[in-house]
Amino acid sequence: MLQNRIKEILLIIIGSLIFAIGINYFAIPNRLSEGGVIGITVVTYYLFEWSPGVVNFGINAILLALGYKFFDKKTTIYTVLGIIFSSLFLYMTEDVGYQVNGDTLLAALFAGVFVGLGLGMMFRAGGTSGGSAILARLANQYLGWSLGKGVLVIDIVVIAASVFIIGQEKAMYTLVAVFIGAKVIDYVIEGLNSRTAVTIISDHSEEIRQYIIDNMTRGVTILEGRGGYSQNQKEVLYIVINQPELMQLKKAVSSVDEQAFVVVHDVRDVLGNGFKVS
């Protein structure tokens, strides 16, 4: 338990640093904005040159005071750590920046990757960076939105308002950064252990099952099915495999039964025997 806590806190610290680099090294020097509270923080920096770290801490402290009751004790503590460390690293890296000459898109891509990676690590540890992340967790809990989707929707609203400060072109580049960031968040949280699930309906299910067990060293789940039109009883095979194994399985099924019905599903995360916990 202690080792898990240490690992989670380290994820929050490292994620906070990566998040701050995405903002101070890529976004601000290229006059890009962001969404949520950090977007407001960046805009106030452009308008008044207020410290991003100080403003970020102040706004998030208010939001956390209003929304802490919606989280359990662990999430609240980790969110406090996320706010403290992200604000601290934003303050410490204020003078670090890289202006990409003539290629704002490149800056937007890297800003999105760094911000998304940092936030994703904090989310994965069980905390947030505050601000829109708090609202995104509420949307996840009550609306069923993914955390990436919640951040994306909230961020778009803030970016739309920032058009008057950074201009339409920079706002469009910022949208690219936010979209990339949202995808990276979902990948970090749910996609590190992605697999492929395959459902197979065939009159030769026993031969296919035996091939999978003997040649692919994978377990197979056998489900009882019945044709909706024919009413015939059939065995339905369900297997979860690695992506590179898909072509091998499809060829094997085709060689046994060309009339087999095969459905391939994308699976974001797999836990259990034969698969590592990410």
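- Side chains of Ser162 and Thr174 form no contact here, defined as non-hydrogen atoms less than 4.5 Å apart.
- Every residue two or more places apart in sequence or in another chain that forms a side-chain hydrogen bond (donor to acceptor under 3.5 Å, both in side chains) with Glu207 is listed here: His204.
- Between Leu237 atom CG and Glu206 atom CD the span is 9.0 Å, to the nearest 0.5 Å.
- Ile9 has its side chain within reach of Tyr78: a pair of non-hydrogen atoms, C-beta onward, lies under 4.5 Å apart.
- Membership of the apolar cluster around Tyr91 extends to Val54, as traced through chained side-chain contacts below 4.5 Å between ILVMFWY residues.
- Atom CE of Met122 and atom CG of Leu11 lie 10.5 Å apart (nearest 0.5 Å).
- Both Phe19 and Leu88 are members of a single hydrophobic cluster when ILVMFWY side chains are connected at heavy-atom separations under 4.5 Å.
- Between Pro52 and Ile23, the closest side-chain pair of non-hydrogen atoms is not below 4.5 Å.
- The side-chain heavy atoms of Ile38 and Leu90, taken from C-beta on, include a pair separated by under 4.5 Å.
- Between the side chains of Thr196 and His265, no donor N or O sits under 3.5 Å from an acceptor N or O.
- When all heavy atoms of Ser86 and Ala20 are compared, the closest pair comes out as O-CB, 4.5 Å.
- Side-chain atoms of Asn30 never come within 3.5 Å of backbone atoms of Asn101 as a donor-acceptor pair (strictly under, hydrogens ignored).
- For the atom pair CD (Gln259) and CD1 (Ile201), the distance works out to 13.5 Å, reported to the nearest 0.5 Å.
- Residues Tyr46 and Ile166 have side chains in contact (heavy-atom distance under 4.5 Å, counting atoms from C-beta outward).
- Every pair tested for salt bridge (Lys or Arg N to Asp or Glu O under 4.0 Å) that includes a residue from residues 93-105 fails, sequence neighbours excluded, so the list is empty.
- For Glu169, there are no salt bridge (charged side-chain N to carboxylate O under 4.0 Å, His left out) partners two or more places apart in sequence or in a different chain.
- At most 12 non-hydrogen atoms from other residues, nucleotides or ligands lie less than 6.0 angstrom from CZ of Phe110.
- Note on Val157 and Ile165: separate hydrophobic clusters, where clusters join Ile, Leu, Val, Met, Phe, Trp and Tyr whose side-chain heavy atoms are under 4.5 Å apart, directly or indirectly.
- Applying the side-chain hydrogen bond (donor to acceptor under 3.5 Å, both in side chains) rule to Gln248 yields the partners Tyr211; only residues at least two apart in sequence or on another chain are considered.
- Shown here for Ala111 and Ala177, the closest heavy-atom pair between the two residues is CB-CB, 4.5 Å.
- Contact detail for Gly39 and Ser33: the closest heavy-atom pair is O-OG, 3.8 Å.
- With contacts defined as side-chain heavy-atom distances shorter than 4.5 Å, the pair Ile200/Tyr238 does not qualify.
- A search for salt bridge (charged side-chain N to carboxylate O under 4.0 Å, His left out) contacts involving Lys250 returns nothing, not counting sequence neighbours.
- Counting side-chain heavy-atom gaps under 4.5 Å among Ile, Leu, Val, Met, Phe, Trp and Tyr, the cluster of Leu2 also holds Ile6, Leu10.
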message: Test ring-ring contact (aromatic ring centres under 6.0 Å, His included) on Phe26 and Phe114; report intermediate values, then the result.
response: CA-CA 9 Å; Phe26 292 107; Phe114 273 73; 5.1 Å; yes
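- When all heavy atoms are compared, the tightest approach of Ala171 to Val163 is CB-CG2, 3.6 Å.
- For Thr41, the side-chain hydrogen bond (donor to acceptor under 3.5 Å, both in side chains) test picks out no residue, with sequence neighbours left out.
- By the rule that hydrophobic residues join a cluster once side-chain heavy atoms approach within less than 4.5 Å of another member, Val37 and Phe48 end up as members of one cluster.
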- request: May I have the step-by-step check of side chain to side chain contact (heavy atoms under 4.5 Å, CB included) for Tyr45 and Trp50, ending in yes or no?
  value: CA-CA 5 Å; Tyr45 173 80; Trp50 291 350; 5.8 Å; no
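- Within the structure, every pair that satisfies the salt bridge (Lys or Arg N to Asp or Glu O under 4.0 Å) test and touches residues 222-248, not counting sequence neighbours, is listed here: Asp203-Lys234, Arg218-Glu245.
- Atom OH of Tyr173 sits about 6.0 Å away from atom CG of Leu105, to the nearest 0.5 Å.
- Side-chain contact between Phe57 and Ile84: present, with at least one pair of heavy atoms (C-beta onward) separated by less than 4.5 Å.
- Residue pairs meeting the salt bridge (Lys or Arg N to Asp or Glu O under 4.0 Å) criterion with at least one member in residues 31-57: none, sequence neighbours excluded.
- For Glu8, the salt bridge (charged side-chain N to carboxylate O under 4.0 Å, His left out) criterion is met by Arg5, Lys74, not counting sequence neighbours.
- Met172 and Val43 are assigned to two separate hydrophobic clusters, defined by single-linkage of ILVMFWY side chains at heavy-atom distances under 4.5 Å.
- In this structure, the side-chain hydrogen bond (donor to acceptor under 3.5 Å, both in side chains) partners of Ser202, at least two apart in sequence or on a different chain, are Asp257.
- Residue Val158 is grouped with residue Val176 when hydrophobic side chains (ILVMFWY) are merged at heavy-atom distances under 4.5 angstrom, including chains of intermediate members.
- Between the CG atom in Leu117 and the CZ atom in Arg124 there is a gap of 11.5 Å [rounded to 0.5 Å].
- When side chains are defined from C-beta on, Ile222 does not count as touching Val236, because their heavy atoms never get closer than 4.5 Å.
- To the nearest 0.5 Å, atoms CG (Asn60) and CG (Asn56) are separated by 4.5 Å.
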Worked verdict on Ile180 versus Val113 for side chain to side chain contact (heavy atoms under 4.5 Å, CB included): CA-CA 6 Å; Ile180 296 297; Val113 169; 3.9 Å; yes
- request: Evaluate the criterion side chain to side chain contact (heavy atoms under 4.5 Å, CB included) for residue pair Val188 and Phe123; output intermediate values, then yes/no.
  value: CA-CA 9 Å; Val188 172; Phe123 281 138; over 6 Å; no
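- Within 6.0 Å of CD in Gln231 there are more than 12 heavy atoms belonging to other residues, nucleotides or ligands.
- Across all their heavy atoms, Val100 and Ala107 have their closest contact at CG2-CB, 3.9 Å.
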